[in-house]
Structures are given as structure tokens and as C-alpha cells.
Amino acid sequence: MKKFDHKKAEKKWQEIWQKESIYEPDFKKAKNPFYNLMMFPYPSAEGLHVGNMYAFTGSDIYGRLKRMQGYDVFEPIGLDGFGIHSENYALKIRKHPADQAKVSEKNFYRQLAALGNGFAWNERLETYDPEYYKWTQWIFIQLYKKGLCYRKKAAVNWCPGCLTVLADEQVVGGECERCGAKVVKKELEQWFFKITAYADKLLDGLDPVRSSLAEVRRTRDKVASETSNGIDWSEKVKIAQRNWIGKSEDASIRFSLVDVPGQADKKHYVEVFTTRPDTIFGATFVAVSPELAKFWLDIGWQAPADVKKYIFNHQAEKPIEAAKEKTGVFSGISAVNPVNNQKIPVWVSDYVLAGYGTGAVMGVPAHDERDLEFAQKFKLPVSDAPLVSVEEGIKKSGGKKTVQFRLRDWLISRQRYWGAPIPMIHCTDCGWQPVPEKDLPVKLPHIKNFRPTGTDQSPLASDEKFYKVKCPKCKSWARRETDVSDTFLDSAWYYLGYLLKFENWKLKIGNSPFSNDIVRKWCPVDMYIGGAEHSVLHLLYVRFLAMVFKDLGLTHFEEPFPKFRAHGLLIKDGAKMSKSKGNVVNPDEYVKNYGADALRMYLMFIGPFDQGGDFRDSGMKGVTRFLERVWQLSTKSQITNHKQIPNYNLQRILHKTIKKVTEDIENLSYNTAISALMILLNEFETNPNFISRKELDIFIKLLAPFAPHMAEEIWQQIRGSTRKITRINADKFKSIHLEKWPKFDPELIKEDKVDFIVQINAKMRAVIKLPVGLGQKEVEAAARSDNNVAKYLTAGVKRIIFVKDKFINFMV
RNA sequence: GCCCGGGUGGUGGAAUGGUAUACACGAAGGACUUAAAAUCCUUUGACCGUAAGGUCUUGCGAGUUCGAGUCUCGCCCCGGGCACCA
């Protein structure tokens with residue numbers, strides 16, 4: 001028997017699928033639209049990572065099930081090609097990012113095509129395409145006009161590696177998410193998106209309490225997803241977002257200040273911020289952040305020299321570090337505790353965070369570890385004053401309840417080259433003006449010197465042709481903003497971008513691009529799959545923008561992804577894959593040697609999709625064997641002979657498998673779905689004479705989402721000559737991937753006999769086969785007649801526990 | 001420190017409170033072959049036993065239950081996230 005030629009078959013079907021557009025939904029006429037989205041990759045020049053393939057395959061299998069279940073599935077693909085990551089690589093290999101993008105794009109699409117996924121290639125997009133970033137810029141302007149985008153001088157995160165500022169979300173453990181350099185704080189004026197204005201909404205959408213989905217359901221044209229309790233997301237990711245937004249209810253309490261040089265006592269005050277107003281009687285000092293102290297200096301405080309020095313030392317660039325040794329200095333000022341009129345010292349200390357609460361805390365060493373540590377270091381008293389209730393603490397101190405969020409506004413500007421230019425113009429007379437929408441896109445010029453400057457200026461600041469423009473308002477000379485926007489802005493709306501691409505980018509600026517029928521029909525996204533590492537980056541930004549779009553009347557939905565599932569991480573031989581370890585798996589090699597189908601199946605068989613798995617070369621063998629056995633069985637001549645001998649047992653296993661595979665794919669439990677297919681194949685092989693074409697057809701359909709090429713090859717071979725198909729007879733060709741997904745017959749699944757477990761004192765002593773539905777008496781009799789059981793039942797039976805069709809337990 | 005996941009054979013991993021170790025890899029033995037690869041068959045948690053059968057076993061220790069990998073409590077270890085957020 002001839003072996004399956006995966007190279008030939010994969011190439012052939014990929015071409016035919018594309019020619020026949022079998023994965024292109026009819027956007028306008030589709031009756032059951034299903035938007036199956038996978039996080040698009042940034043095209044690293046090293047090529048597609050096996051981790052990408054793992055994620056894409058998982059998403060594709062789900063999409064293929066839905067397609068066969070009769071949905072009009074839209075599974076788009078694109079490249080998140082703008083941004084620091086791609087640019088850093090271009091810098092490293094001394095190539096212009098725009099040139100490198102072309103190379104990466106070609107390579108990536110080639111690799112993606114080789115996977116055999118059901119991508120809608122016509123709608124593919126790249127974020128660096130001017131047609132795309134025209135709308136990225138348009139979105140920026142809409143936020144600006146709505147007052148959700150502003151410029152502010154602030155202590156921001158500066159990456160000395162990437163030579164640009166970063167958003168809080170992009171600083172991981174004090175290091176740059178991209179290059180790993182230690183991030184420092186720098187005082188700079190930057191563009192921000194006011195994501196904090198949506199903090200409450202972002203939080204509420206996660207929770208079952210106030211379901212924003214109810215609203216979606218009312219307004220959405222297509223069938224609402226089955227979720228009724230907030231968004232249906234992996235709990236892990238919801239928790240991460242909840243923590244990142246970090247809502248807490250606190251109190252702010254006013255302490256009047258005394259001993260301020262040259263000022264009357266109690267003329268000034270400080271607001272301290274606390275979650276523990278119940279501990280206020282134990283306050284023995286007040287601590288303020290250096291930043292707040294600096295503000296006091298600015299408004300006229302005559303501080304002692306050492307205090308000034310301390311404050312200024314803490315304004316400089318400094319690395320973000322976790323829990324270091326606390327430092328501080330006594331300010332000379334004292335504060336009065338409003339509950340007992342005690343005079344306590346005010347310290348300036350770097351353990352107080354400027355950006356959270358009021359930038360001042362009351363030190364209660366008896367009830368707070370950090371306060372205690374500080375008090376011990378500086379020999380401050382520790383009071384044993386008793387606790388009161390929270391309410392009493394607030395009431396007696398005259399404090400007020402406040403709500404705090406940990407979430408900060410989204411820093412959107414970058415001092416880099418490879419991004420969408422921020423569409424703003426600064427005029428000395430008129431101030432900041434958005435670029436008129438008709439002038440979009442502001443094209444990124446192809447400049448020679450694209451290297452980051454290391455200053456607070458982007459490389460574009462050296463291109464006069466770019467920045468020297470007329471003010472849109474007064475027409476006098478003005479300066480264009482030369483920073484570009486964060487890559488995460490590109491990816492925060494791409495799911496809508498695919499739908500604009502369907503219209504060939506033809507929408508005119510001035511009309512709302514997102515409120516058309518197509519968006520109404522296809523959004524929100526039905527199933528979103530991606531990495532959990534984006535829990536507080538991408539996934540938060542997308543939700544934020546979706547809410548803004550809704551409020552601007554651009555779209556009809558608030559949550560872009562009612563259903564999201566995070567996939568796990570792939571490791572190699574027990575260790576994380578990394579370039580430095582040299583253990584990164586390149587899918588090309590495996591696709592070439594084993595075939596895309598085999599690699600797909602192996603990746604999915606390796607472990608639970610949401611938990612990831614350990615890639616071992618030895619594991620490829622199992623699925624390769626399996627597929628070859630499927631091929632051999634399917635191409636055996638007698639099966640095509642319509643010979644059918646009724647075999648009840650085989651039917652039962654077949655229908656059980658339909659049920660299991662269907663449910664497992666729905667739950668993304670691909671590993672167990674595959675094992676069910678293996679069990680069925682084993683069964684087929686032991687009963688080769690009982691299989692007719694009907695059984696084989698069902699099996700091949702169940703296999704189709706996992707091994708799309710081989711399934712198609714078998715399907716078409718059974719139905720006639722493949723030679724004809726190669727020439728494509730469009731009238732006759734019907735892909736297996738558009739066939740109906742098999743349904744199981746509940747009657748056929750029912751067992752007529754059952755393995756009855758017989759226990760004596762909860763220890764299993766026998767398994768006896770009995771017809772289903774027997775009562776306790778019959779089972780007891782059958783059990784007693786078993787020799788091994790009988791020998792334990794010589795003494796009297798005290799009690800019998802009986803569960804129908806399952807087990808019987810004799811207590812002796 | 002806090003919040004999530006995990007811990008099951010030699011390995012990856014299965015198990016609605018009811019036969020623990022499905023499926024696969026690996027290994028051992030056999031068939032085919034001049035030989036090897038490939039393929040096929042058998043065995044494969046540990047221990048005792050010729051066998052029938054028995055005992056033990058899901059990180060550790062308790063508990064609930066007729067019955068616990070699964071539920072509860074207390075630990076230990078691994079992975080991930082947050083972290084001077086008052």
C-alpha cells in the first residue's frame with residue numbers, strides 16, 4: 001500500500017482551498033456569522049515560532065468545528081508588524097525596518113500558509129500598512145476630541161535599552177517588557193489615553209453582577225453568546241485584570257500642620273490616605289512622598305538644607321526597584337492627629353508612593369509592617385492605642401471615604417521610528433491641533449536615520465520635511481508631533497480592521513468606519529484565543545477602546561470579546577524555549593519531515609490546550625503512526641464496497657466518539673479528543689470487516705479539524721479520482737471542511753450491559769457484567785453467586801449500599 | 001508577603017465522589033527480514049504468589065464519607081502573576 005505523501009497532498013489542498021475560497025465567508029449574506037479570532041503575531045524575523053503554531057492550530061480546530069456545524073466562520077490573519085519589537089530586530093541586523101518588514105511579511109505568510117489553517121486570506125492586514133494606520137490615527141484623533149487623550153508632564157517609565165518611554169503595563173518587574181533593560185523614572189511631557197476614566201466600567205464588565213452583555217444582547221444583531229454572567233473568560237485572566245485595575249475603598253484624613261517655618265500653625269494641612277482608619281489612634285508619625293514634598297517646596301516651604309537635599313535626590317532618574325531599604329528625613333514640620341490632638345512628626349520618605357492615594361500616609365507602626373520597619377529604623381515611638389471601628393475612625397477624624405484605582409493612564413507616545421505617527425500638530429499660537437481627518441494618514445517617511453536618538457525626541461524630529469507643517473487652524477508655520485504611538489494601539493482595534501479590509505479600506509474618513517452593517521453583523525468576536533501574557537496589556541487596551549467606541553456611537557457593543565480562552569505555554573524537553581538555549585523549535589523542519597497534519601496533531605495531543613505542554617521529538621512518532629494507519633485503513637479497497645454488517649458494539653463506540661470529540665473540541669480539550677479518535681481507530685482495526693463507508697465517512701469528518709489535508713485527500717479519493725479534482729471541477733468539488741459535522745444518536749450510545757462493581761467493606765472484590773436497569777435484589781443475588789464475593793460474605797451482612805447500574809457495597 | 005495554577009507509572013498525560021494509571025511514548029520479548037529500519041503481535045505501576053488471588057500506590061499529614069486523585073483543614077515543593085498600593 002502506498003504511503004501518504006504529505007508534501008504533495010498539503011500543497012495541493014492548500015492551493016485548491018484558496019482557489020475555491022472555501023474559508024472566505026460571505027460577509028453580507030452569511031446567516032450564522034461566527035468570528036473566530038486568534039491573537040495575530042508580530043512577525044519576528046526568525047520566523048514563525050512553534051508557540052505561534054500551537055496557538056493558531058488550537059484556534060483553527062475550533063473554527064473548523066464551527067464551520068462544519070454550519071456557521072459562517074471568519075478566521076482572519078494578519079501581522080502586528082509595527083512596533084519596538086520588529087524595529088529592534090531591524091536595528092540589530094542593520095536593516096531598515098520597512099525593508100525588513102517586507103522580508104518578514106513574506107516569510108511569515110509563507111509559513112502560516114503551510115499550516116493549512118482555514119484563514120480568510122483576502123482580509124489579511126498589516127499594522128504598518130498606511131491604509132491601516134490611517135485608522136489608527138483617526139482613532140487617536142477621536143479620543144483627543146473626546147478629551148480622552150491629553151498631554152502631561154509626569155514621572156514616566158523610560159527604557160534605557162529601547163530609548164523610549166513605556167506604559168506601566170509594559171514594565172514587568174521593573175524591567176522593559178521588550179528588551180529587559182532596567183526601566184528608570186524620568187520627568188517628561190507625554191501623550192496619555194485616559195483609561196482611568198473607564199476603570200469602573202472595565203472592572204464591572206468582568207463581573208457577573210452588572211452584566212454588560214445584557215446590553216450587547218439587546219443591540220447585537222447576531223445570536224448572542226450563551227454567557228449570562230459577565231464575560232466568559234479564563235478566570236485567571238479576569239483575576240489578573242481585576243488586580244491590575246486594583247480598585248480599593250479607602251479614606252482620606254486631614255491632618256493640620258504645625259511648626260511650618262514662617263507660617264501660622266494649622267494654616268496648612270496634609271491629607272493622608274489609608275485603608276485602615278480604624279488604626280488612627282495608633283498613628284505616631286506622618287510620612288509624605290518626596291514628590292509631594294517637592295510640591296510643598298514649590299509653593300513656598302522653607303525647608304532645612306538636608307531635607308531639600310533629600311527631596312532633590314529623589315527627583316532624579318532612578319531605577320524602579322522593589323522593596324529596598326527605606327530611607328527618610330524628618331521635615332521639621334509636625335502634624336496634629338485629628339482624633340486626639342497629638343502632635344506627631346512629619347517625615348519625608350521614599351517608601352511612600354507618589355502616584356497612589358494622596359502621596360501621604362499616617363504611620364501606624366503597631367498595625368502596619370512597613371510603618372513598623374520605618375519607625376524602628378528611625379527610632380519613632382510605637383503606640384499601643386486600641387483599634388476602633390472603621391466607621392468610627394472616619395467619623396472621629398472627619399475623614400472622607402474615597403475610591404482608589406491602581407490603574408494609571410495609558411502612556412501612548414514613543415520616541416521611536418517604527419510606528420504610526422501621532423496625528424497632532426503644535427502651533428505656538430493655537431496650541432495642539434489634530435491633523436484634519438482628510439489629511440490622514442500622516443505617512444511615516446522612509447528616513448535614513450531611523451535609530452532612536454536617546455533623547456526625548458523621536459528620530460522623526462530630525463526630518464524637517466516631516467515636522468515642518470502649517471497649522472490647520474491659523475495656517476502659520478507649526479511643528480508636527482514627531483513621536484509615534486504605542487504598538488498596543490495598533491493591536492487594540494485590529495479585530496475591526498479585518499472588517500474594514502473586507503471593504504478594501506474604501507470607507508471614507510468622516511463616516512464612522514465601524515458602525516456599518518458588516519461590523520454589526522460580525523461583532524463582537526465570538527471566540528478569542530490567545531496567550532495569557534496579554535492579560536493586562538492587549539486585553540485591557542482592547543476593552544478600553546471598545547468601550548470608548550461604544551460611547552462615541554461608533555459601535556453597538558461594549559465588550560469586544562465575550563468569550564476568551566488563554567492557551568498554555570509550550571516548553572521543550574522540560575525547559576523554556578529560548579534563543580540562548582538554542583532549543584527553539586522551528587515548525588518548518590517538522591512540517592517538511594512529518595507534515596503539517598502530523599505536527600498539528602502532535603501539538604494538540606501533547607497536553608491540555610489551556611495548560612501547554614512539553615515538546616519532545618519522540619512524541620511525534622505516535623501521531624505519525626496514527627495518521628499512517630488512518631491512511632492505510634481508509635485506502636483499503638473493501639471499505640469502499642458498501643459492505644455493511646451490522647455490529648452494535650462498533651456503532652456504540654462510533655457514536656460515543658462523535659459525542660466525545662464534539663464536546664472535547666467545544667471545551668478545547670483537544671488531547672482527549674485525539675485519544676478518542678485513536679481508540680476508535682484501534683477498534684476499527686480489530687473489526688476491519690465491519691466498517692462500511694458510512695462509518696469511515698464519520699471518522700474522517702471527526703478527524704478533519706485536526707488533520708485537514710489528509711482528511712480532504714481521503715474524502716475526495718473515496719468520492720472519485722483526485723486527478724479530476726486537481727484540475728478543479730468547481731461544480732463537483734465540495735470540501736470535507738464544508739460538510740456537515742456528524743451527530744451522535746443517543747439511542748445508539750446506550751449500554752445494554754454494565755460492569756457492576758462489587759465491594760466488600762468498600763474494597764473491590766469483583767466486577768460482574770450485568771444487564772442495565774437491575775434492581776438491588778437481582779444484583780445482590782448475582783454478586784453472591786460470585787465465588788470470590790461469596791467467601792467474604794460468610795459472616796452476616798450489616799448493611800448494603802447500592803447504586804443502580806454502578807456498584808454494590810456489602811458492609812460486613 | 002498576597003493572588004492564581006499545578007504535583008498521578010520510566011516519560012507526556014486520562015479519570016461527572018464509585019474499576020486510578022485511558023491514549024500515546026519508551027522499554028522488554030516475539031513475528032517478518034541475510035540484516036537493519038518500518039510494520040505487526042504480546043507484556044509493561046510496585047510488591048507477594050506457579051496460579052487463583054492478595055497487599056500497597058495519585059507530594060506529606062489529618063478529616064468528612066459505605067467509598068476520596070477528586071470535597072474540607074494544615075503543611076511541603078514546582079510554575080505563573082502582583083508587590084513599599086498604606
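Quick note on labels: first sequence line is chain A, next is B, and so on, each numbered from 1.
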How far, in whole Å, is [M] from [N] if one measures between their [atom1] atoms?
N      : M      : atom1 : result
U43(B) : G10(B) : C1'   : 15 Å
G29(B) : A36(B) : P     : 13 Å
U57(B) : A68(B) : P     : 11 Å

The side chain of [X] lies closest to which of these nucleotides: [options]?
X       : options                : answer
R616(A) : C4(B), A86(B), U11(B)  : U11(B)
L353(A) : C23(B), A86(B), C82(B) : A86(B)
V361(A) : A86(B), U39(B), C23(B) : A86(B)
Y351(A) : A86(B), C40(B), C23(B) : A86(B)
S675(A) : C23(B), G18(B), C40(B) : C23(B)
V172(A) : C82(B), A15(B), U39(B) : C82(B)
K236(A) : C4(B), U19(B), A86(B)  : C4(B)

Quickly work out the [X] [atom1] to [N] [atom2] distance and round it to whole Å.
X       : N      : atom1 : atom2 : answer
I280(A) : A86(B) : CD1   : P     : 17 Å
E369(A) : C2(B)  : CD    : C1'   : 12 Å
I679(A) : A24(B) : CD1   : C1'   : 11 Å
H567(A) : G80(B) : NE2   : P     : 16 Å

Can you check whether [X] has a side-chain N or O nearer than 4.0 Å to OP1 or OP2 of [N]?
X       : N      : value
R625(A) : A24(B) : no
R799(A) : C66(B) : yes
Y792(A) : G54(B) : yes
N788(A) : G54(B) : yes
R242(A) : C4(B)  : no
R406(A) : A83(B) : yes

Using a heavy-atom cut-off of under 4.0 Å over every strand shown, decide if [X] touches base, sugar-phosphate, or nothing.
X       : result
I801(A) : base
V364(A) : nothing
I239(A) : sugar-phosphate
N671(A) : sugar-phosphate

Quick one: list whatever passes side chain to side chain contact (heavy atoms under 4.5 Å, CB included) with E663(A), sequence neighbours left out. K659(A)

Taking the six-membered ring of Y351(A) as reference, does the cationic atom of K326(A) (NZ for Lys, CZ for Arg) lie under 6.0 Å from its centre and within 45° of its axis? yes

Kindly indicate whether a cation-pi arrangement holds for R543(A) with W244(A), taking the cut-offs as under 6.0 Å to the six-membered ring centre and within 45° of the axis. no

Can you name the nearest heavy-atom pair linking A335(A) to L257(A), along with the distance? CB-CD2, 4.0 Å

Compare all side-chain heavy atoms of R600(A) with those of I61(A) and state whether any distance is below 4.5 angstrom. yes

Hey, can you pull the residues of residues 804-812 of chain A with a non-hydrogen atom under 4.0 angstrom from RNA chain B? K806(A), F807(A), N809(A), M811(A)

Do any of residues 755-763 of chain A sit with a heavy atom less than 4.0 Å from RNA chain B, and if so which? D755(A), I757(A), Q759(A), A762(A), K763(A)

Can you label the angle between the W410(A) ring and the Y541(A) ring as parallel, tilted or perpendicular, going by 30° and 60°? parallel

According to the interplanar angle, ranging from 0 to 90°, do the rings of F756(A) and F802(A) count as parallel (below 30°), tilted (30 to 60°) or perpendicular (above 60°)? parallel

Taking for Y602(A) and for N682(A) the nucleotide of RNA chain B with the nearest heavy atom, the one nearer the 5' end belongs to Y602(A)

Partner lookup for G17(B), please. Criteria are Watson-Crick or G-U wobble with both distances under 3.5 angstrom; report none if nothing qualifies. none

Between the base of C25(B) and the side chain of K621(A), is there a donor-acceptor distance below 3.5 Å? no

